[in-house]
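Throughout, protein chains are lettered first and strands after them, A, B, ... in sequence-line order, and every chain is numbered starting at 1. Note: hydrogens, waters and symmetry copies are ignored here, and every other heavy atom, side chains too, is used.
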Amino acid sequence: MTETNFPKLEEAVLAFWRENQIFAKSDRKSAPKGEFVFYEGPPTANGKPAMHHVLARSFKDIFPRYKTMQGYHVTRKGGWDTHGLPVEIAVEKKLGVLGRKALNHQEIAEFTKQCREWVFANIEDWNYFTERMGMWLDLENAYVTYHNSYIESVWNLLKRMWDKGMVVQDYKVVPLSPRISTTLSQNEIADGYREVDDPSVYVRFPLKLETTPPAVREKLQAQGVRLEDLENLAILVWTTTPWTLPSNTMAAVNPAMDYAVVRSPSVGHLIFATEAVERLKELHKEELEVIAHLKGADLEWWEYTPPFPEVCVELGVVQQQGEKRPDGKPVMHFIALADFVSAEDGSGIAHEAPVYGAEDLELARQYGTPLLFGTNEYGLMQVTDERGKFFKDADKGLIRIMKERGVLYHAGQIRHRYPFHDRTGDPILYFAKPSWYIKTSNFRQALYDNNEKIHWIPEHIKHGRFGNWLKDNVDWAISRERYWGTPLPFWVSEDGSEYICVGSVRELSELVGRDLSDVDLHRPYVDEITFVKNGKTFRRVPEVLDVWFDSGAMPYAQWHLMVDQDGKPLPGFEANFELWRKHFPADYICEAIDQTRGWFYSLHAISTLLYDQPCFKNVICLGHLVDEKGHKMSKSKGNVVEPLPMFDKYGADAVRWYLFTGSEPGEQKRFSERLVQEAQRGFLGTLWNVYSFFVLYANLDRPNLNQRPAVQDRPEMDRWLVARQQQLIQQVTAALDAYDARGGGKALEQFVEELSNWYVRRNRRRFWKNDDTTDRESAYATLWEALVTVTQLAAPFTPFIAEALWQNLVRSIQPEAPESVHLSDWPQVNSDLIDSTLLTQMGAVVKVVGLARGARATSGIKTRIPLPRVLVTAPSEAELAGLRRFADEIAEELNVKQVEVLGLGEELLTYRVLPNLPLLGKKYGKRVPAIRAALAELDSQMVAQTLKAGRGLSLELEGERIVLEPAEVLLEALSPEGFAAQEEGGYMAALEVRLDEDLLLEGLSRDLIRLVQQARKDMGLNVSDRIRLTYQADGKYAQSLAKFGSRLQEETLALSLEPGEPAGFITELSDEEGSVKFGLSKA
RNA sequence: GGGCGGUUAGCUCAGCUGGUUAGAGCGCACGCCUGAUAAGCGUGAGGUCGGUGGUUCAAGUCCACUACCGCCCA
């Protein structure tokens, strides 16, 4: 065996690539098919590379390698995502600036400096890891999102959107830590949930009868209820946050739900969800009588008096309570419809204070209602007698006021989970803050239509996770009150009346009146840049950009694209423009499934808004890696599998192979070391074995592989392998064209399995003892071609082993061949060589041999002992022809003297008669069971004769006669009596188990051959060394030697075989058949 | 609470538009082979296809409900 230490082999290949700059050369490989565009979704280099990065990078690597071999050029520009919260949090921890409300200039400078350093904390690990796993990526020219050039391109994109009116300022509900008014991230909140008791209050909102919707009037009338008779009619609204009630602008009902008009002895008439009636009875301990039913949808626009009507005037939002809009609709304080309202808790009518909830704010947008800020952003009440109190402390007082006003129906408590801020201990305040938005919702249709043009893997993401998300698209909030990010290029005048969006450094320089080319565009430096225009001083807005915009901008910013409103390059940026144009849109991108709302979306949104086209044509959306038990890998659980030890132990190829073929790419994958080991032993091991076999004998025989016999002159067995190999090229090419790595891998695996266990196994002798030179040369040629083809086809999957094989198989004998397998051209299918008849026939042979081996096993007679006869059959005429054609192969493989191929209707065979259900079901439907029963009754020989003659089968069915077409009946051969047989699906092999003296002696001779061969090996002889044999034998062994001695000599390369006292190396055997003792000496 | 995906042998996974006895690899047990040999091959055991109900001549596959796991969102 040659080198089998895969990790060591991989290191050698890496050295080879490095020394000979193979990656750089692949960049210059001729590319008649043009550019295949790949985008690297930028990882962050502050963390360590983990196994899921191997997954993504493997899939990112395989298709560019494939396309390069196919004759495309692939630019593999790396990239790093460098801004954002994770970096800031890490640095905050380090610097200890926790929960500070605002940093001063000096502090920001220190902070962003630290961020910049921290970003590449693990860059060395990343560079090493990427190379080691065999991913070719240009890391030297990687784009970096914090570079000034990158930021400038992002500004350019924003400016174009700004000029098109796509950028607006609006409110966004964010989680705040009150008192310090710091925006928190989801992660910071996730840990802070606590069980707490909060108020649960039911409040009456009296309805204004003059605004009753017509649908309500009609329905009440139909149910015999007069509106005027309803006393104190009010909706019953539920909330757990009384402090938000002063900010109430709407009450929401679910349009699909049932609502009841209920009479309460204590307060008059109430409307709330029918589902809640029983609960309220229980809760408030009073008898409630349902007198009418309404649908939620009926109630829209019905106006009510809120519990704190004075607030809206007090805040100056309207002139007077109950004000109308120009179209006659109320400005606020009416019933709105919302799908999110449920009746599982409360009354089924939700109180809407849009300032304090994201869904509520969205509803306010839909209905165009203004906002009432009952608190400020520090959580202090701004209105009512509770003014100045911390919001949670205002509940009691507000409840008292409502009681006095007679609108409180019921006040209780509820235990639920509510988030708190760890560091301050305060409850989280969800609060609407002004924020910058991109109006993506205006492009909902375009976003959706462009998505139709994308090929998603897996398919369901397209209309599922991603499509649904686009359908419900809301505006993209792009501003963050942070420090380390692309600063928003918006400058606002001191009076707040005018905004200027800056689209380039040059533009900013002109506004300021000095050259800013060397200024760091980050905070705090950019904050110092002010200018005067129209007599007003402009300062930058404080926010930075959402990092997802950074990453979504990479198609443009990685080339420092700078264009004007018409998309034409700005002066001096013509070359950048050409680079961009050559690389837009992407043919292929790949990331894990969590990117649907991250990178996939940001790419798609930006390209749709600015170019109205998708940004990528094909996308593989990977499932997550979990541990052996299906749990998420996390450091705290200690179940993380590190990639580098896997590479060191099994090699990167093994890991890659497992990731490609282990399961569908979109599925969640359970990862374990064992599976990598399996991949190594399976595909890689088998391939390597075949290769070793080839090398072992090729080194002895030195066949001339540069002058190979024509395919048509080769034996059938070789032509079969050639056909199979062409079929493989077809399969792998089709699979990779469809971005189906798994399909391609499975085809390769299947081929290598057949190559090893059928072709090599069957043809071994042609390599090691074959005086027929033509035949030997043919075998070498055929096996060599198959290995070379597999090497090339496997190159994108397992680049290391493929390279090693290429160097040894091809480069060693063809110095003019491409220097690396990755610089070679993808194999082309020669369909003339796909002999499908031959493939079908050989398929039947393999099948039947498999069955016969099973039969051998059950018979208990070792393969070594020849048997006189095997009967075989197959379900189709084409396959029977194959069995006849390859009868010799079958005989040899099974060690039987005679192969008898049985056709349809022969006497030795009996059959199982089966209905062809797919055909019969369509034709006869309900009568299928009866037909089935009738068929079972028939004599199978008769049926076989009938079908053999090509006649239909006539059946008596409940007095009716029907005739089944031959194709509607299936026959499966059964094992005949008295044979060791196996059958399956119409294939059958039956061994005649009859031992005679001759066959036994022949079988024993094989034992003797094996004995001598083992001795040769123990002596340390070469396979080609000649020997001399002396022996003593008795019993059956003596007979066997007498009869088959010459064969023994032949097989063991013995020049002589003499009876007498054994001399030299001694080996012996003794059992019930007799005994034998050999002496071997080297000739 | 909503959306999407998953649940098939001890493990990792296939099962196309419904159709005959639900497959593969690994592991396990037993055996074979012995000039690919610290390899190779075969056979066997092992399955209520998460559960319930429905549609159908026929359901792992279609429909409804449901349980559990995962991801995203709220």
Side-chain angles (χ1 to χ4, degrees), chain A residues 1 4 186 339-340 342 344-345 357-359 362 458 460-461 463-469 471-472 592-598 623-624 626 628-632 658 661-664 666-672 674-675 677-679 681-683 685-686 688-697 742 746 749-750 753 756-757 760-761 764-765 767-769 849-850 852-858 860-864 895 912 914-922 924-932 970 972 982 984-985 1006-1007 1009-1011 1013-1014 1016-1017 1021-1024 1051-1053:
Chain A
M1 282 276 257
T4 53
Q186 280 300 328
D339 293 329
F340 59 76
S342 92
E344 275 178 30
D345 297 302
E359 272 180 336
E362 191 47 40
H460 63 79
I461 306 280
H463 293 121
R465 193 176 275 234
F466 197 67
N468 288 342
W469 159 250
K471 234 187 249 170
D472 300 333
I593 190 162
D594 46 278
Q595 295 297 326
T596 40
R597 290 168 196 206
H624 285 129
V626 294
E628 272 181 292
K629 298 190 180 83
H631 297 134
K632 203 171 149 176
Y658 161 66
T661 59
S663 63
E664 290 295 328
E667 298 294 324
Q668 179 172 291
K669 285 180 224 330
R670 294 196 176 191
F671 186 90
S672 75
R674 229 188 56 242
L675 296 167
Q677 197 179 354
E678 220 173 83
R681 284 227 294 261
F683 175 69
T686 309
W688 192 265
N689 265 316
V690 175
Y691 160 76
S692 307
F693 171 86
F694 175 85
V695 169
L696 179 63
Y697 294 107
R742 185 174 207 210
K746 288 289 161 191
E749 209 161 59
Q750 177 63 28
E753 143 80 12
S756 171
N757 293 337
V760 171
R761 185 182 151 80
R764 270 185 290 204
R765 286 177 169 250
F767 294 88
W768 56 264
K769 197 170 59 135
V849 166
R853 282 203 202 108
R856 264 270 184 193
T858 48
I861 298 170
K862 298 179 178 182
T863 310
R864 206 182 309 138
N895 194 18
R912 177 184 296 128
L914 293 167
N916 191 342
L917 286 176
L919 295 180
L920 290 176
K922 282 193 188 77
Y924 294 103
K926 295 196 182 204
R927 300 166 76 184
V928 166
I931 294 175
R932 227 172 172 164
L970 300 173
E972 281 186 5
Q982 286 209 345
E984 190 186 318
R1006 282 207 182 191
D1007 278 338
I1009 291 169
R1010 187 174 64 114
L1011 188 68
Q1013 298 290 27
Q1014 188 58 46
R1016 285 181 55 112
K1017 189 171 300 165
L1021 296 184
N1022 278 323
V1023 291
S1024 52
E1051 291 284 329
T1052 60
L1053 302 184

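Between A/Arg670 and the phosphate of B/rG6, there is no side-chain N or O to OP1/OP2 separation shorter than 4.0 Å. Remark: A/Arg742 is in phosphate contact with B/rA14, judged by side-chain N or O atoms under 4.0 Å from OP1 or OP2. In this model, the phosphate group of B/rA36 is approached by a side-chain N or O of A/Arg764 to a distance below 4.0 Å at OP1 or OP2.
Heavy atoms only, all atoms of each residue included: A/Gly662 and A/Arg742 are closest at O-NH2, 3.3 Å. The shortest heavy-atom contact between A/Arg856 and A/Asn895 is NH2-O, 3.0 Å.
The separation between A/Tyr697 atom OH and B/rG35 atom C1' is 4 Å, rounded to whole Å. When rounded to the nearest whole Å, the span between CD1 of A/Ile461 and P of B/rC73 equals 14 Å. If you take CZ of A/Arg1010 and P of B/rC33, they are 7 Å apart, rounded to a whole angstrom. Across the protein-nucleic acid pair, A/Asp472 atom CG and B/rG2 atom C1' stand 10 Å apart, rounded to whole Å. Taking atom CG of A/Leu917 as the reference point, atom P of B/rU61 lies 18 Å away to the nearest angstrom. Taking atom OH of A/Tyr658 as the reference point, atom P of B/rU12 lies 9 Å away to the nearest angstrom. Separating the CG atom of A/Asp594 from the C1' atom of B/rC4 is a distance of 14 Å, rounded to the nearest angstrom. Nucleotide B/rA36 holds its C1' atom 7 Å from the CG atom of A/Leu696, rounded to whole Å.
The side chain of A/Arg1006 lies closest to B/rU34 when the candidates are B/rG19, B/rU34, B/rG35. The side chain of A/His624 lies closest to B/rC71, out of B/rC71, B/rG3, B/rA36. The side chain of A/His460 sits closest to B/rG5 out of B/rG40, B/rU20, B/rG5. Nearest nucleotide to the A/Val928 side chain, out of B/rA74, B/rC57, B/rU43: B/rC57.
Comparing B/rC28 with B/rC68, their C1' atoms sit 29 Å apart, to the nearest whole Å. The gap from the P atom of B/rA59 to that of B/rC13 amounts to 29 Å, rounded to the nearest Å. Rounded to a whole angstrom, the distance from the P atom of B/rG23 to that of B/rG44 is 12 Å. The same atom, P, is picked in B/rU17 and in B/rC33; the two are 45 Å apart, to the nearest Å. If you take atom C1' in B/rU37 and the same atom in B/rC32, they sit 15 Å apart, rounded to whole Å. Taking the P atom of each, B/rC63 and B/rU55 are spaced 15 Å apart, rounded to whole Å. Rounded to the nearest Å, the gap between the C1' atom of B/rA14 and that of B/rG25 is 10 Å. Comparing the P positions of B/rG60 and B/rA9 gives a spacing of 15 Å, expressed to the nearest Å.
Judged by atom type and distance alone, A/Ser663 does not reach the base of B/rA14 through any side-chain donor-acceptor pair under 3.5 Å. A donor-acceptor contact under 3.5 Å is formed by the side chain of A/Arg465 with the base of B/rC71. Taking 3.5 Å as the limit, the base of B/rG6 and the side chain of A/Gln668 contain no donor-acceptor pair of atoms between them.
Counting any heavy atom pair closer than 4.0 Å across all strands shown, A/Arg681 reaches sugar-phosphate atoms only and no base atom. A/Lys669 comes within contact range of the sugar-phosphate backbone alone, with a heavy-atom separation under 4.0 Å but no base atom that close. Across all strands shown, A/Glu749 has no heavy atoms under 4.0 Å from either base or sugar-phosphate atoms. Within 4.0 Å (heavy atoms only), A/Arg853 reaches sugar-phosphate atoms of the nucleic acid but no base atom. No contact: A/Thr596 has no heavy atom under 4.0 Å from any strand. No engagement by A/Gly682 is indicated, since no non-hydrogen atom pair under 4.0 Å with the nucleic acid exists.
Rounded to the nearest 0.5 angstrom, A/Arg597 CZ and A/Arg465 CZ are separated by 7.0 Å. Interatomic distance, CZ of A/Arg681 versus CG of A/Asn689, reported as 12.0 Å (0.5 Å rounding). Going from atom CZ of A/Phe683 over to atom CD of A/Glu753 covers 12.0 Å, rounded to the nearest 0.5 Å.
At a threshold of 4.0 Å, the pair A/Arg765-A/Glu1051 counts as salt-bridged, since one of the basic side-chain nitrogens sits closer than that to a carboxylate oxygen.
Taking the ring centroids of A/Tyr691 and A/Trp688, they lie under the 6.0 Å cut-off. Taking the six-membered ring for Trp, A/Phe767 and A/Phe694 have ring centres at least 6.0 Å apart.
A/Glu678 places none of its side-chain heavy atoms less than 4.5 Å from the side chain of A/Tyr658.
Where A/Asn757 and A/Glu667 each meet RNA chain B at their nearest nucleotide, the meeting point lying more 5' is that of A/Glu667. Heavy-atom distances to RNA chain B give each of A/Glu753 and A/Thr1052 a nearest nucleotide, and the one nearer the 5′ end belongs to A/Thr1052.
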Dot-bracket for RNA chain B: what is it, with Watson-Crick or G-U pairs under 3.5 Å, [ ] where a pair crosses earlier ones, and | for a pair to another strand?
-> (((((((..((((.....[...)))).(((((.......))))).....(((((..]....)))))))))))).
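Legend: residues meeting side chain to side chain donor-acceptor pair (under 3.5 Å) with A/Gln750, ordered by chain and number and at least two apart, are A/Glu754.
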